[in-house]
Amino acid sequence: MTSVIEKGTNLEVNEAFSKLQDRFNKYGKLESDILDPELREKTAKLIEYEIHESALALVRARAGADAAHEAAATSQKKTWTQAEIRDLRIAGKMTDSIMEEIREAVSEGRVV
C-alpha cells in the first residue's frame with residue numbers, strides 16, 4: 001500500500017526528472033535556436049547551471065522518496081505483545097522465522 005507521503009515524494013521525483021530532461025533538451029537545441037555565438041555561450045552557461053541544480057533537486061527528491069518508502073515499510077511491521085509470544089511458545093508454534101521476527105522486533109522496540 002502506497003502512503004500519501006510516498007505518492008507525494010514520487011510526484012516530486014517525477015517533476016524533478018521532467019525539469020532536468022527539459023533542460024537537457026534546451027541545451028541540445030542551442031546550436032539551432034541561437035545564432036549569435038556570444039549569446040549562445042551565455043545561454044549555455046545558464047542552462048548548464050540549471051542542469052546542475054535540476055540534477056541536485058532530483059537527487060534530493062529521490063532521497064526523500066527512499067526515506068518515505070523506508071518509513072512506510074517500517075511502520076507496517078507488527079508490534080508484538082508479551083502475551084502473543086507466550087501463546088506461540090505454549091502452542092508450540094514458535095518457528096525459526098517467527099523467532100527471528102521477534103528478535104528483530106525486540107531490537108527495534110516493537111514488543112510491548
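Quick caveat, the model's predicted, so the values are computed rather than measured. These numbers come from the heavy atoms of this one structure, side chains and all, not from hydrogens, waters or symmetry mates.
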[X], [atom1] atom: more than 12 neighbouring heavy atoms under 6.0 Å:
X	atom1	answer
E41	CD	no
D96	CG	no
R40	CZ	yes

Got a second to check how far [X]'s [atom1] is from [Y]'s [atom2], nearest 0.5 Å?
X	Y	atom1	atom2	value
K19	L58	NZ	CG	11.5 Å
F24	E48	CZ	CD	10.0 Å
K42	I47	NZ	CD1	14.5 Å

Least distance between heavy atoms, [X] atom then [Y] atom:
X	Y	result
I51	Y27	CD1-CB, 4.2 Å
L20	A55	CD1-N, 3.8 Å
T79	E84	O-OE1, 3.8 Å

- prompt: When hydrophobic residues are tied together by side-chain contacts of less than 4.5 Å, even through go-betweens, does V13 share a cluster with L11?
  reply: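 Unlinked, V13 and L11 end up in two clusters.
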message: In this structure, would L30 and L39 fall into the same cluster of hydrophobic residues linked by side-chain contacts under 4.5 Å?
response: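 Per the 4.5 Å side-chain linkage, L30 and L39 are co-clustered.
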State, yes or no, whether a side-chain contact exists between [X] and [Y] at a heavy-atom distance under 4.5 Å.
X	Y	result
M99	R89	yes
D22	F17	no
Q82	V111	yes
M94	I85	yes

query: Does R110 use its side chain to pair, donor to acceptor, with the backbone of K78 at less than 3.5 Å?
result: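 Flag set: sc R110 to bb K78 pair under 3.5 Å.
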